[in-house]
Novice: 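Sharing a structure here in structure tokens format.
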Amino acid sequence: MCGIIGYVGNRPAVPILLEGLQRLEYRGYDSAGLAVLAENGELCIEKSVGKLATLASSLRGRWPSSFLGIGHTRWATHGRPSDINAHPHHDCHCRVVVIHNGIVENYLSLKQRLIDQGHTFLSETDTEVIPHLIEHHLRDGSSLEVAVGRAISEMEGAHALVVFSLSEPDKLVAARVGNAGGVVVGYGQGEMFVASDLPALLPHTRRVAFLADGEIAAVKADRVSYLSTDGSILVKEHQTVPYDPVSAARGNYKHFMLKEIAEQPEAILDTIRGRVRFEPPAIALENVAIPKRRLKQIRRAVLVGMGTSLHAAMVGRHYIEQIARIPAEVDNASEFRYRKPLLGLDTLVISLGQSGETVDTLAAMDEARRQGALQITVCNVVGSQATRIADGVVYTRCGLEVGVASTKTFTAAITALYLLACYLAQERGVVDDEAHLRSLIAPLARMPSLVGRVTQRDEEYERLAHRFFRYNNFLYLARGIQFPIAMEGALKLKEVSYIHAEGYPAGEMKHGPIALIDEEMPVVAIATRGELHDKIISNIEQVKARDGTVIAIASEGDEELARKADHVIHLPQASSFLMPILAAIPLQFFAYHIAVRRGCDVDQPRNLAKTVTVE
Ligand code: F6R
């Protein structure tokens with residue numbers, strides 16, 4: 001959570017910081033703040049509760065000339081959103097300023113100790129102990145980076161932070177400890193940047209270096225030096241990252257969420273591109289360079305993720321079991337990490353994440369690494385922490401996803417998992433005849449165009465949403481491989497429209513949820529053709545028998561279902577393995593249009609953040 005940006009160079013700092021924060025606002029947006037070093041040597045801090053626009057308008061026309069500064073958008077953990085609690089925070093003498101992402105888990109004891117030593121605190125935050133700790137460690141004349149190293153070695157928890165001090169006015173110091181989110185250093189011409197995430201840097205530079213756990217960067221306009229928290233010097237090279245400027249902009253779309261839903265045909269095509277050979281059939285995954293021998297040792301797979309990524313993992317479990325023929329389980333990463341899982345050298349842990357920075361998913365990966373399990377991650381952000389922990393990576397090639405609700409990265413992740421399952425089957429010799437592999441791979445070729453057909457029917461989904469936007473409860477039902485899509489449909493509706501919605505396996509309905517069904521509780525039933533079609537049809541009958549209203553997601557030509565349901569959305573028929581991708585899309589549109597109709601902030605729903613780097 002929280003967006004972090006820092007700048008030191010030869011251009012006015014404030015517009016660069018504000019623009020960077022705007023690009024990071026998806027990480028947190030309950031308050032925002034800036035601190036800059038004015039040309040006259042004074043420290044200027046401005047912060048305000050609310051969105052970045054509030055800060056930007058309070059700054060307009062009255063900001064001193066400055067070439068060094070830091071900025072922050074906050075997602076509150078300790079202390080409610082308020083001007084005082086917003087970052088940056090400073091020491092007793094307003095000489096050290098800090099922006100921070102993470103939680104100082106032992107802040108109460110540190111704060112008490114600092115108070116006993118005479119320090120004064122203004123906010124309710126855990127972060128405020130950091131400038132005071134640094135102030136304490138600067139007293140012996142240490143450099144800022146050494147004082148930062150000493151301060152963070154006293155702090156428990158995971159952190160990303162950027163600091164500057166009036167005593168060393170040409171320098172920013174950035175640090176990363178654990179998995180509280182990334183820190184990226186951007187290299188410009190006579191200027192340098194620091195940010196929590198790439199989008200803030202890409203308009204300025206594509207030459208970047210990611211800080212690893214326990215690394216500190218001392219950043220000046222013309223050079224960067226790296227050290228570890230114990231003060232030893234590190235040698236670190238920068239890398240050049242790709243950037244597609246088109247995806248950074250919203251274009252003609254009213255919201256990023258709508259744009260990103262519409263981008264799915266391309267995102268899926270890009271995820272498949274170059275990895276599939278149709279004749280003779282073969283799959284190649286460029287970042288999975290794991291020897292066949294090692295892949296053949298796998299006896300069990302565990303898929304982990306959070307939120308939407310967990311739902312993608314739930315679909316992936318079907319692929320790994322049925323295509324790769326590996327016994328597979330799926331777990332919420334935040335539960336997995338604490339349930340003392342038993343893993344071994346023959347376990348494959350497949351982690352899912354758009355950001356590659358979700359704290360619980362990273363902790364689950366750390367646990368898997370400790371126990372020697374093989375790891376493959378499916379991830380959208382190049383160079384993120386998950387991609388550095390895993391033995392292999394299957395990137396979803398979606399470009400930036402700005403809307404807080406994941407859409408294109410969800411369907412691309414399912415596509416990537418399908419590729420991975422086919423790849424594992426191929427490498428482990430599970431599909432020994434060409435015809436079998438061809439039958440798995442060939443359906444992929446049609447997916448971008450089938451997805452395109454589904455995304456083009458926006459008006460139909462909008463009409464349906466307008467019919468239902470006043471309801472306050474929804475039940476989403478499905479079976480088998482479509483069950484995770486019921487969960488995902490309900491999650492999308494909850495997060496963007498704040499309507500209560502539940503996703504259930506349809507077979508479970510009779511065991512409780514059926515008591516809820518009446519004319520006030522519409523039921524969205526995913527009932528595309530496949531193995532369990534008859535079963536879900538009888539669940540729909542049960543809903544209708546209780547005066548429930550049914551919106552059915554059906555396969556084209558399913559007239560029987562059209563007669564039973566009150567409203568039907570027809571989907572083109574793809575291979576039954578890939579139908580979840582198609583079924584997810586109308587539900588994304590449905591949630592989007594309901595939220596718009598209810599006047600919700602679709603791209604930045606309340607209380608949410610794009611990347612969850614705190615527990
Ligand atoms: C929902 C959503 C979240 C994320 C979850 C995990 O639309 O976006 O549920 O899926 O926070 O984030 P990643 O995928 O970055 O690990």
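Indexing begins at 1, ligand by ligand and atom by atom, following the structure's order. What you see is a predicted model; the values in this text were computed from it and never measured. In what follows, every heavy atom counts, from backbone to side chain, and hydrogens, waters and symmetry copies are set aside. Note that the numbering runs from 1 along the sequence shown for the chain.
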Novice: If the cut-off is 4.0 Å to any non-hydrogen atom of Ser309, which atoms of ligand 1 fall inside it?
Specialist: 10 (O), 13 (P), 14 (O)

Novice: Can you tell me if Lys492 contacts ligand 1 (heavy atom of the residue under 4.0 Å from the ligand)?
Specialist: yes

Novice: Which residue holds the protein heavy atom closest to atom 16 (O) of ligand 1, what is that atom called, and what is the gap in Å?
Specialist: Thr358 OG1, 2.5 Å

Novice: Does Phe210 offer a backbone N or O that forms a donor-acceptor pair with the side chain of Lys236 under 3.5 Å?
Specialist: yes

Novice: If we ignore hydrogens and angles and just use 3.5 Å, is the side chain of Glu260 paired with the main-chain N or O of Val402 as donor and acceptor?
Specialist: yes

Novice: Measure the distances from the heavy atoms of Leu310 to every atom of ligand 1 and state whether one is below 4.0 angstrom.
Specialist: no

Novice: Are Gln264 and Thr455 linked by a side-chain donor-acceptor pair shorter than 3.5 Å?
Specialist: no

Novice: For atom 7 (O) of ligand 1, tell me which residue out of Met257, Gln588, Gln354, Glu495 has the closest non-hydrogen atom.
Specialist: Glu495

Novice: Parallel, tilted or perpendicular for His204 and Phe193, by the 30°/60° rule?
Specialist: parallel

Novice: If I apply the N/O under 3.5 Å rule, does Thr308 come out as touching ligand 1?
Specialist: yes

Novice: Quick one: nearest non-hydrogen protein atom to atom 11 (O) of ligand 1, plus distance?
Specialist: Val612 CG2, 3.9 Å

Novice: Using a strict cut-off of 4.0 Å, indicate which atoms of ligand 1 neighbour a heavy atom of Gly353.
Specialist: 13 (P), 14 (O), 16 (O)

Novice: Provide, to 0.1 Å, the distance between atom 8 (O) of ligand 1 and the closest protein heavy atom, together with that atom's residue and name.
Specialist: Ser406 OG, 2.8 Å

Novice: Can you check whether Gly399's main-chain N or O pairs, donor with acceptor, with Asn380's side chain at less than 3.5 Å?
Specialist: yes

Novice: Give the atom numbers and elements of ligand 1 that come within less than 4.0 Å of a heavy atom of Ser355.
Specialist: 13 (P), 15 (O), 16 (O)

Novice: Step by step, work out the side-chain hydrogen bond (donor to acceptor under 3.5 Å, both in side chains) result for Ser351 and Thr377.
Specialist: CA-CA 5 Å; Ser351 51; Thr377 195; 2.9 Å; yes

Novice: Quick one: which ligand 1 atoms are inside 4.0 Å of a heavy atom on Met306?
Specialist: 5 (C), 6 (C), 10 (O)

Novice: To check you understand the geometry: which heavy-atom pair defines the closest contact between Glu502 and Ala490, and what is its length?
Specialist: C-CB, 3.7 Å

Novice: Test the Arg606-Tyr498 pair against the cation-pi criterion, namely NZ or CZ under 6.0 angstrom from the six-membered ring centroid and within 45° of the ring axis.
Specialist: yes

Novice: Quick one: does ligand 1 sit under 4.0 Å from the side chain of Thr409, the backbone, both or neither, non-hydrogen atoms only?
Specialist: neither

